Amino acid sequence: MKNANYLTAALTALAIVSCTDSDTAENTLGDDGQKTPLVVTAAIDDVAATTRAKDKEFEAGDKLTAYIRHVTWDGTEEGARTSVTADNAPRLVTFTYNGGALTAKDENTNATTDLTVDGGLYWDDFSDSQSEATDLRTDGHYLQSYYGYCYNGGEGNITTPLNEETGVIGWTVPKEQATKDIVKHADLLWSGEQTPVAYAHSNAVTGERSGLSLPYSHAMSEVTIIIKTGNGFDAKDKPLERTSVILNGWNTQTTLNAPQKTLEASEKKNITMCKGEVQTSGTAAQCTYIAMTAPLTNLSIGNTLARIMDADGNNYDIKVTEALLSPSAWGAQLDEATSETENGVAQAKGREMQVTRSGEIPQGKGYTTRPGVHYTLTVTLHKVQVQVEASISSWVDVHAATTATSDFQNDVVSFSFTDGTFSQSDAFSLYALNSNGVAEDALSAAFATAAVSCSTATYNGTAKKWDCTPVLYWPNGNDALYFRAVATLKDSKYTANAEVAQGNDIVWATTAKHSGTDVTGAAFSYEAGDAIKPRTGQIPLQLEHAMSRLSIQLQTVAGAAAVNLTSAKISITNLATTGVIDLATGNITAAETSKTAIDAMSAPIEELCVVPQTLTDNAVIRITLDDGTTYKAQLNLCDVTTAGGMGGKITEWKRGTHYKYVITLQKEAITLRVMIKDWEETKGGGNANLDWD
């Protein structure tokens, strides 16, 4: 079928007869005993279907039916058209297209002589009497096409047989439209009651004579959804290989009255659309899905228009939105849903009546699809997020913009979690690990060796949300993810890409313990660090310090034993100053120790971040006074001060703990050691000498 935007003319059917040599411009076939051939032209008066195997042309074997009758009529618009059945009854005529090429008669007419009817078709077939009461060649008598249908090979879709007298027929489109042939056969054309045509004498020279014009149009509504992949997808992974699209609750059954061009629809069902070939460009993939639907499908804001199933494991719902129903989108080709009908068809009430004063269409307001309209959506899928834009297709051109929501089975819509206080541009490095096949006791190794997605999350203070660059996506609708994060906190600012080193305040985050309700209303609960199932809601992260904090204060005593602490220096030997953080647990493994870990740092030391570690016997603190006097103490022998007095020894620095040392210095008192030696006796005679020691 040719596109009616470009095909304004007709396919001409001329019964094959022979004109005698005596025929002239004045002669009339029929007066000399010959039957008068009836010229029939068929045209598509709206945009042609895109469902034909040969695109937009008739195919060989296509059949057009027309119910042709002899009527009396006074020629006025309101005049009654009364069927004449006194001699020859009306006739349902079937035309067959035999595959002839279209040839142009003029710039506005495409014609073919390859549209035929068995046995020919003649004016005389509808009147064989010479009585003026029934003769088609007398005033007030006309020939008329009362209605017509073209089944496109879909006779199997007829659910109520055609009533030839009324032109009423029942038609059902299949709910499974897996192939183009099924879609093609579901495409029904109809032609309404036409203006009667009076018999006119032929011109044997030019062959011109009056005839019947049969304009066909589409009785069904066509839907095309073009799926494109966006962020988070890669064509090399064949993300659309298993993807299907299902129209949700569209009309499949209708009763048509072709003469009046009215219809009634019933029986809403889900329709599986016909999938086209997947095309790729770079990392993007694209696929077109088409389906034929019965008109008068109700589209209400908030309802699910269609479901996209298994796009790389993800499911999406496309919702009917106000934008979709606006006059600049599909709304221009939708009728307002109303109980008021005319001839069985819901009537449009004027687009200005469909929009409230605020410019918004009320929630739940419904509109119905029309016959002969091709509704087209181009849907760009981003993992988790869905953006929908409009495109123009054949039939009546329709733009649309809507959104769809991810269809996660365990989607979270609310949970109990208190947000922290963050500043504009705060950032941290966010890591995501697919839990599929990962044992909980092997998380540390998995985060270190498996494929882990990484992103920088930056706080948007205006929108009060975290923006990830690049965006992290759920891999599909089933696999849960473990989330961990690290950052450096310096001068009250969080920055990504943390480096475990003395002096850096490293923060580590895992998913917080939280509970709430999922999209179904069911309660759920997650422990801290659990793998999170796919959701459209936020992931709560709880940040905590991964380093230890060190403060050292010097003090002295009163009186003569006091020392001068001015310009005192503090040094600590044999400490680890770097390390490696375990993303799974947040634990830091210390690296090798340094003999000059803290070297002559001015006292006091205030809140210095140090690597968590075990304190060895070699970890010694030295204080050097300005006069060169030095003091030292072994760190792992320092006592813990408790409320009740002194506790055990501080033998390790743990993460998230602030160690505050207070060291008291005083002058060393001079002490004397006195020994008295006994007298040494000398026994004997003679003189005696006294030796003083």
Side-chain angles (χ1 to χ4, degrees), residues 1-3 47-59 152-154 157 173-188 218 220-230 233-248 250 252 269-294 297 304-318 330 369 372-383 386-402 404:
M1 298 178 184
K2 287 293 183 182
N3 190 314
V47 183
T50 59
T51 55
R52 307 307 303 244
K54 295 178 64 176
D55 196 15
K56 299 167 185 173
E57 297 180 0
F58 280 104
E59 297 176 6
N152 284 326
N157 295 318
V173 300
K175 65 178 183 178
E176 297 291 338
Q177 300 185 24
T179 67
K180 290 183 178 180
D181 276 347
I182 295 176
V183 178
K184 167 193 167 182
H185 297 329
D187 179 17
L188 176 67
H218 296 279
M220 298 295 103
S221 303
E222 185 177 2
V223 180
T224 292
I225 297 180
I226 302 170
I227 304 297
K228 296 181 179 180
T229 60
F233 291 92
D234 195 327
K236 67 179 177 59
D237 298 328
K238 298 182 178 180
L240 301 181
E241 182 177 12
R242 298 180 302 276
T243 304
S244 60
V245 179
I246 300 173
L247 296 177
N248 184 59
W250 287 64
T252 57
K269 290 186 176 180
N270 294 342
I271 300 175
T272 301
M273 305 184 75
C274 174
K275 181 178 183 178
E277 295 293 328
V278 178
Q279 300 175 331
T280 60
S281 177
T283 60
Q286 175 178 323
C287 189
T288 299
Y289 298 79
I290 60 174
M292 210 54 71
T293 70
T297 295
T304 298
L305 178 82
R307 288 191 169 96
I308 302 170
M309 310 301 293
D310 197 1
D312 199 18
N314 293 284
N315 300 332
Y316 298 88
D317 280 358
I318 302 176
W330 279 15
T369 57
V373 177
H374 186 177
Y375 299 95
T376 304
L377 286 177
T378 299
V379 181
T380 300
L381 298 180
H382 302 282
K383 287 197 174 179
V386 177
Q387 295 179 346
V388 181
E389 60 189 27
S391 67
I392 300 175
S393 188
S394 58
W395 292 16
V396 178
D397 297 333
V398 175
H399 296 263
T402 186

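Everything quoted here is computed from the prediction, not taken from an experiment.
- Minimum interatomic distance between T369 and A294 (heavy atoms only, all atoms of both residues): OG1-O, 4.1 Å.
- When atom types are taken as modelled, the side chain of H185 and the backbone of N152 share a donor-acceptor pair closer than 3.5 angstrom.
- The shortest non-hydrogen separation linking A311 to L381 is CB-CD1, 3.7 Å.
- Side chain of T224 to main chain of T376: no donor-acceptor pair is present (N/O by atom type, distance under 3.5 Å, no hydrogens or angles).
- If you take CD1 on I182 and CD on E176, they are separated by 8.5 Å, rounding to the nearest 0.5 Å.
- Rounded to the nearest 0.5 angstrom, D312 CG and T243 OG1 are separated by 8.0 Å.
- Here NZ of K180 is found 6.5 Å from SG of C274. Values are rounded to the nearest 0.5 Å.
- The shortest side-chain heavy-atom distance between W250 and V173 does not fall under the 4.5 Å cut-off.
- Side-chain atoms of E222 and D187, non-hydrogen and from C-beta on, never get closer than 4.5 Å to each other.
- None of V379, N315, L240, I246 except one satisfies the side chain to side chain contact (heavy atoms under 4.5 Å, CB included) rule with I308; the exception is V379.
- Taking the side chain as every heavy atom from C-beta outward, S244 and D310 never approach each other to under 4.5 Å.
- Side-chain atoms of L377 and W330, non-hydrogen and from C-beta on, do get closer than 4.5 Å to each other.
- Judged by distance alone, the side chain of T229 and the main-chain N or O of A285 form a donor-acceptor pair under 3.5 Å.
- In this structure, the side chain to side chain contact (heavy atoms under 4.5 Å, CB included) partners of N248, at least two apart in sequence or on a different chain, are N270, T304, R307.
- Partners of D237 by side chain to side chain donor-acceptor pair (under 3.5 Å), not counting sequence neighbours: none found.
- Taking CD of Q279 as the start and OG1 of T288 as the end, the distance is 6.5 Å to the nearest 0.5 Å.
- Between the CD atom of E241 and the NZ atom of K275 there is a distance of 7.5 Å, given to the nearest 0.5 Å.
- The backbone N or O of I271 sits nowhere less than 3.5 Å from a side-chain atom of Q177 that would complete a donor-acceptor pair.
- L305 CG to I225 CD1: the interatomic distance, rounded to the nearest 0.5 Å, is 6.0 Å.
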